[in-house]
Number of protein chains: 2
Amino acid sequence: MAGVRVVVVDDDALVRAGLRMILGGAPDLEVVGEAADGQEALDVVARQLPDVVLMDIRMPRMDGLAATRRLRERGTTARIIVLTTFDTDEMVLTALQLGAAGFLLKDTPPADLVVAVRRVALGEPMLSPSVTSQLIAAVTRPAEDGRRRKARTLLARLTDREREVAVAVSDGLTNTEIARSLHLGVATVKTHVGSLFTKLEVTNRVQVARYVHDAADDR
Amino acid sequence: MAGVRVVVVDDDALVRAGLRMILGGAPDLEVVGEAADGQEALDVVARQLPDVVLMDIRMPRMDGLAATRRLRERGTTARIIVLTTFDTDEMVLTALQLGAAGFLLKDTPPADLVVAVRRVALGEPMLSPSVTSQLIAAVTRPAEDGRRRKARTLLARLTDREREVAVAVSDGLTNTEIARSLHLGVATVKTHVGSLFTKLEVTNRVQVARYVHDAADDR
DNA sequence: GACCGCCTCCACCGTCCGGTGGAGGGCTCA
DNA sequence: TGAGCCCTCCACCGGACGGTGGAGGCGGTC
């Protein structure tokens with residue numbers, strides 16, 4: 001198969017040279033371009049259409065995150081690996097939300113860097129261990145959990161039909177609207193809603209909505 | 001340095017044998033115990049005090065997730081790698097919340113498996129690429145955001161009093177209860193609620209609750 | 001001082017909601 | 001073949017909700 005075409009973006013010429021040397025050592029990788037800031041990066045990527053972009057964050061003119069956003073907006077097919085010295089929570093989440101496929105620290109061993117480029121080129125993600133840890137921490141977040149778990153367990157006790165009705169209720173539909181949307185009689189809907197009140201131990205539909213939101217609510 | 005002591009937990013003897021062979025091939029790894037279900041795992045881990053536990057999920061008697069929870073509750077120092085064939089969203093999150101240090105699919109190449117055990121022994125996390133992807137997806141979630149922003153801006157347009165009422169409404173209080181809790185007449189509450197409907201462009205209080213939840217909702 | 005927005009409250013009225021007590025059919029499982 | 005659960009639907013009723021059109025006071029601003 002053809003080699004993986006890589007563009008290196010970093011404001012430090014030494015870093016670029018280092019990366020070029022590391023990646024050049026792998027026969028299946030080819031550095032097809034360099035850029036010293038985000039602005040240049042946009043041009044080079046547009047010209048070279050690389051498979052992978054190694055993108056520093058801290059750069060003059062346009063930083064790596066902004067450049068990543070721009071590239072994504074332009075519908076680039078290049079996978080972007082953000083490469084930086086620091087890994088603040090903010091940055092990691094932002095970068096991933098902007099569509100970065102990888103997030104590596106600059107202390108990544110050369111061999112791992114090569115592996116990362118290959119993997120990302122194949123569409124797999126690649127994160128440094130500490131970044132993975134942050135992600136886990138962000139996802140785990142035991143907060144709220146009490147209420148959320150309670151909501152989940154209570155909702156789990158509902159029958160399928162009741163759960164459908166509960167969701168409809170929490171969407172703000174009236175009984176009549178729910179009946180229409182589920183192809184039921186209004187009386188049936190009322191029965192289900194009544195069961196919801198009993199099972200969830202609430203007295204009105206807003207509280208049902210609370211449960212549904214708590215249970216679903218993101219994390 | 002001393003070798004990494006590993007316990008293998010899987011109900012399939014063939015799988016255990018395979019893992020033993022793979023890990024045994026690495027001079028710095030040593031399989032010091034096996035278990036065929038979660039219950040056994042607790043015993044073996046207590047006796048061997050391994051550095052790393054490779055834990056299958058689907059097992060009779062006690063599954064891997066329950067065993068992981070138990071081990072953590074007992075304050076084990078062993079790092080646990082969950083090893084499974086499937087990676088449903090639920091499982092991944094649950095496992096990580098229970099304190100698993102790794103989550104690998106059973107199709108992980110032997111070499112990667114060895115690397116994973118070493119890394120986890122050092123306290124680093126190790127996830128299969130597809131698991132990492134799920135995590136990123138869970139964290140990214142660009143959805144909601146639009147709705148959330150909209151909710152925030154609309155709520156910002158409310159007067160202070162209206163916002164108080166909106167919150168009360170979203171807590172599931174009736175107009176009468178809101179009146180009592182804010183020391184107002186019921187008529188006043190009704191007026192405010194009416195304004196809420198107009199300003200938020202909704203027709204009932206459940207939808208008001210949605211806005212409040214969307215705007216406040218955690219992250 | 002006149003205007004304007006916010007807060008407070010009132011009356012009226014139709015609709016929807018929530019509570020109660022049913023009934024019949026389908027399903028599974030003992 | 002019952003018993004038990006779920007789903008479907010009915011009737012009745014009081015109270016809560018939602019819509020409309022007000023009124024008065026209070027604090028700003030032009």
Answer yes or no: is there an ion pair linking B:Asp12 with B:Lys106, defined by an N-O contact shorter than 4.0 Å?
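No, this pair does not count.
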Do NZ/NE/NH1/NH2 and the carboxylate oxygens of B:Glu177 and B:Arg180 come within less than 4.0 Å?
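Not counted as a salt bridge, because no side-chain N and carboxylate O are separated by less than 4.0 Å.
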Could you give the [atom1]-to-[atom2] distance, from [X] to [N], as a whole number of Å?
X        : N     : atom1 : atom2 : answer
B:Arg161 : C:dG5 : CZ    : C1'   : 16 Å
B:Glu164 : C:dC6 : CD    : P     : 15 Å
B:Glu162 : C:dT8 : CD    : P     : 10 Å
B:Asp160 : C:dT8 : CG    : C1'   : 15 Å
A:His192 : D:dC6 : NE2   : C1'   : 8 Å

Counting only side-chain N and O atoms of B:Thr188, is one of them less than 4.0 Å from OP1 or OP2 of C:dT8?
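It does not, given that no N or O in the side chain of B:Thr188 lies less than 4.0 Å from OP1 or OP2 of C:dT8.
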Would you call [X] and [Y] a side-chain contact if the rule is heavy atoms closer than 4.5 Å?
X        : Y        : result
B:Ile81  : B:Leu54  : yes
B:Thr132 : A:Thr132 : no
B:Arg118 : B:Leu122 : no
B:Ile80  : B:Leu71  : yes

Among residues 177-184 of chain B, which residues get a heavy atom nearer than 4.0 Å to DNA chain D?
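Within this stretch, nothing sits under 4.0 Å of the strand.
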Mind listing the closest non-hydrogen atom pair of B:Leu173 and B:Arg205 along with its distance?
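Heavy atoms of B:Leu173 and B:Arg205 come nearest at O-NH1, 3.1 Å.
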Could you tell me which non-hydrogen atom of A:His192 sits nearest to which non-hydrogen atom of A:Leu184, and how far apart they are?
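So the minimum-distance heavy-atom pair works out to CD2-CD1, 4.4 Å.
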When the axes are fitted on five pairs at both termini, how much does the helix from C:dG1-D:dC30 to C:dA30-D:dT1 curve, in 10° steps?
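Computed angle between terminal axes is 40°.
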Spell out protein contact along nucleotides 14-30 of chain C as letters: B when the base is contacted, S when just the sugar-phosphate is, - when no protein heavy atom is under 4.0 Å; keep the 5' to 3' order.
---SBB-----------
Treat primed atoms plus P, OP1 and OP2 as sugar-phosphate and everything else as base, then score nucleotides 25-30 of chain D 5' to 3': B for base contact with protein heavy atoms under 4.0 Å, S for sugar-phosphate contact only, - for none.
------
Gap separating the CD atom of B:Glu162 from the OG1 atom of B:Thr191, nearest 0.5 angstrom:
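Nearest 0.5 Å value for the CD-OG1 distance: 10.0 Å.
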First locate atom CG of B:Leu29, then atom CZ of B:Arg5, and finally report the distance between them rounded to the nearest 0.5 Å.
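CZ of B:Arg5 is found 12.5 Å from CG of B:Leu29.
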Please test A:Phe197 against A:Val208 for side chain to side chain contact (heavy atoms under 4.5 Å, CB included), starting from the C-alpha separation and ending with a verdict.
CA-CA 7 Å; A:Phe197 293 157; A:Val208 171; 3.7 Å; yes
Checking A:Arg119 now: which residues fulfil side-chain contact (heavy atoms from CB on, under 4.5 Å) with it, not counting sequence neighbours?
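Applying side-chain contact (heavy atoms from CB on, under 4.5 Å) to A:Arg119 gives A:Val115, A:Glu124, A:Met126, B:Pro129.
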Partner residues of A:Gln39 under the side-chain contact (heavy atoms from CB on, under 4.5 Å) criterion, sequence neighbours left out
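Partners of A:Gln39 under the side-chain contact (heavy atoms from CB on, under 4.5 Å) test: A:Asp37, A:Leu42, A:Arg61, A:Met62.
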